[in-house]
**Student:** 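The structure's right below; bear with me while I get my questions together.
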Number of protein chains: 2
Amino acid sequence: MPDATGWQPLIRSRAWEQVVDRVEEKILSGDLRIGDRLPPERDFASMLGVSRAAVREALRVLEAHGVLHRPRVGTGRDSGSVIAGTPTTGLSRLLRVHVALSNFDLDEITEARVALERASASLAASQATESDLARMRELLDRMDDETLPRDRFNDLDTDFHMALAEAADNRLLTALTTAIRGAIRHTLLHAFEQLADADAVLNALRRQHRSLCEAVAQGDADRAADEVDRHIRGFHRIASHTLNRSMPRTPPAC
Amino acid sequence: MPDATGWQPLIRSRAWEQVVDRVEEKILSGDLRIGDRLPPERDFASMLGVSRAAVREALRVLEAHGVLHRPRVGTGRDSGSVIAGTPTTGLSRLLRVHVALSNFDLDEITEARVALERASASLAASQATESDLARMRELLDRMDDETLPRDRFNDLDTDFHMALAEAADNRLLTALTTAIRGAIRHTLLHAFEQLADADAVLNALRRQHRSLCEAVAQGDADRAADEVDRHIRGFHRIASHTLNRSMPRTPPAC
DNA sequence: CACCGATGCTTGGTCTGACCAAGGTCACCC
DNA sequence: GGGTGACCTTGGTCAGACCAAGCATCGGTG
C-alpha cells in the first residue's frame, strides 16, 4: 500500500537478492528442475557479473530454503549446487525459530496441528495402503516397550504422526506436519520428561494411537479425524499444564 | 535412523552453519529477543573467530527466514542486524518456490488450504470482534465493484481470506494461510484471467463470501467451516479445469 | 592385460584486505 | 544558535588467494 503521498522510498536490491531472484525465475518458469545443476560458483559469478561472494550468499539462502542440496566438491555427476526440492528441513527450522521468538505460542500451534492432522487422518482413512498401515502398526508396537527412554518414545510418536501424514498422500500436509512437529520437538520432550504421572499418560497415548489407527484401517474418516483431534488436544492440555508448573514465567528482558 | 552398521559418515558443518546455530541457540534460550541487535559484522566475526564472509552468509540465511530485518548502515538506533520475527515473507517465498518445483500440486495445496481455513473459520466464528467483521465486510463491499480488474479482485479475495485468518486470532494459521495464498497467487490470477464464464463465477464467489461472513457473524462455527470448505473446493474445481484446458501439459524435461 | 598409485584439475570452503556508500555524530565556523 | 562539513561506524561488494575434497587421467607395476 503506498503511503499518503503516493511515493515510497526506493529499496535498492542487493546483488545477492538479484541472484536469488534470477534462480527463482528460472524455477518458476520451469527452466530449472529438480536434479538440475547450477554453474560452478566462479563461472556463475562471472556470468551474472557479480562477485563470487554475492553468488555464495544467494546460494546459502536457496540452500536454507531447501531449494539446493548441500553442494559437493569435485567433478562428479552431482557435484556443485543441485536443485533439491526438500522443503521440510527449511520449513522446520523456520518454524522452530519463530516459535522460539514467541511469534507462535503453544496454543496456536496446537490449533494448527489439529487442523492439519484432522485432514491427514481423514484422507488417510479413505486411502491408506496396507503398507501405510503396517508402518503405523510397527511404530505402535515399538512404542509399547515399557523400558523405552522418554526421548525415544517422543521420536517414535513423531514418526507415527508423520506416518499418518504420509498415508494421507499429501506432501504439503506431510511437510507442514513434520515441520511443526520438529519445531516443538524440544518443548514436547521437555513436557515428557516432567510428567507427573508418566505411565498413565503414556498408556493413554498408546490407547489413543491404537484407536486412531483402527479408525484409519476401517476407513472411518470422521472418527479418525475426531480421534486425532482428541489425542492432540488431550496431550496438549497435559503438556501445557506440566510446563506451566515447571517454568511458571519467562524471565523478563533486561 | 543409523545405517546397518550403526555408523554414519561425519558431516563437517561449515563455518556459516555454526554461526546460524549459535544465533538460533541464543534465540531458543531466550537470550535474543525481537528487537535485539546483533554485533556489527566485523566485531561478530572476530568474536566467533571466523571471517566476515562466514558471518555474512549466516546473516543472509537468518534474514531469508525472517529472523532478521534488512540490515541498516550507520550508527542509528536500529542500525545493524536486528532480530525480527516476520515469518510470513520467508514462509511464502519458500512455499512458492517449492510449489514451482512441483513438490506440491494444486490438489495437495487445496486440501491443506481447506484444512487451515476450516480451522480459521470456526475459530473466527467463535471469537471474531466487531472490527474483524467490519474489515471483512468492507473488503466484500469493495469486491462488489463490477468494473474491478481481475488482479485487484484476486488481491481483495486474498485480503478477505487473510482477514478471516486474522479474525481467528491465531498467528500461525494466519502465517500459513497467507504464505500458501501468496505461493499460489500467480496460479490463481492466471485462472481468473482465463475464466470462461467470468461474471457467473465472480458472482458465485461473492455470494459464498457473504454467506461465510454471515455464518461467522452469527457465531455458527460448523456452518462457517463448511462454507469455506465448499467455497475453496468449488473454486479449485473451476480453476483446475480452466488451467488444464489452457495449459494441457507441462513441457517434458530436455 | 589388469590393477594401482601419483598427479593434476575442478570445485566448494574460508580468509584477508580493500574500497564504496549511506547514515549519524560532533565539533567547528558563520 | 544554527548550519555544515569532517569523521566514524556499518553494511555492500569485490578481488585474490589458499586449502581440502573428489575425480579423472596417465603411467608404472604385477
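Computed over heavy atoms, backbone and side chain alike; hydrogens, waters and symmetry mates excluded. In the text below, chain A, chain B and the rest are named by the order of the sequence lines, each starting its count at 1.
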**Student:** What integer distance in Å separates A:Arg37:CZ from C:dG12:C1'?
**Tutor:** 12 Å
**Student:** Mind checking whether B:Phe160 and B:Phe153 have ring centres under 6.0 Å apart?
**Tutor:**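 When the ring centroids of B:Phe160 and B:Phe153 are compared, they turn out to be at least 6.0 Å apart.
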**Student:** CD of B:Gln18 versus P of C:dC15: gap in Å, rounded?
**Tutor:** 10 Å
**Student:** Check each residue of residues 47-61 of chain B for a non-hydrogen atom within less than 4.0 Å of any atom in DNA chain D, then write out the ones that pass by number, or none.
**Tutor:** B:Arg52, B:Arg56, B:Arg60
**Student:** So among B:Ile180, B:Ile184, B:Asp105, B:Ile232, which one has a side-chain contact (heavy atoms from CB on, under 4.5 Å) with B:Thr110?
**Tutor:**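 Exactly one option meets the side-chain contact (heavy atoms from CB on, under 4.5 Å) with B:Thr110, and it is B:Ile232.
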**Student:** Does a side-chain N-to-carboxylate-O contact under 4.0 Å join B:Arg152 and B:Asp145?
**Tutor:** no
**Student:** Is it true that atom CZ of B:Arg70 has more than 12 heavy atoms of other residues, nucleotides or ligands lying nearer than 6.0 Å?
**Tutor:** yes
**Student:** Looking at side-chain heavy atoms only, is the closest gap between B:Glu24 and A:Arg96 below 4.5 Å?
**Tutor:**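 In short, these two side chains touch, coming nearer than 4.5 Å.
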**Student:** Check every atom of D:dT10, C:dT11, D:dC14 against the side chain of A:Pro40 and return the nucleotide holding the closest atom.
**Tutor:** C:dT11
**Student:** Rounded to whole angstrom units, what separation is found between the CD atom of A:Glu41 and the P atom of C:dT14?
**Tutor:** 10 Å
**Student:** Taking atom CZ as the centre, does B:Arg185 end up with more than 12 heavy-atom neighbours from other residues, nucleotides or ligands that are less than 6.0 angstrom away?
**Tutor:** yes
**Student:** Check DNA chain D against residues 69-81 of chain A and give the residues with a non-hydrogen atom under 4.0 Å, in numerical order.
**Tutor:**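 DNA chain D contact set from residues 69-81 of chain A: A:Val73, A:Gly74, A:Thr75, A:Gly76.
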**Student:** What nucleotide, of C:dG13, C:dT11, D:dT13, holds the atom closest to the side chain of A:Trp16?
**Tutor:** D:dT13
**Student:** Given the side-chain rings of A:His65 and B:His65, with only the six-membered ring counted for Trp, is the space between their centroids under 6.0 Å?
**Tutor:**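 Yes, close enough.
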**Student:** Nearest whole Å is fine: how far is D:dC14 P from A:Arg42 CZ?
**Tutor:** 16 Å
**Student:** Rounded to the nearest Å, what distance is computed from the CG atom of residue A:Asp43 to the C1' atom of nucleotide C:dC9?
**Tutor:** 13 Å
**Student:** Does this structure show an ion pair linking B:Glu57 with A:Arg60, if we count only N-O contacts that are shorter than 4.0 Å?
**Tutor:**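 Answer for the salt bridge query: yes.
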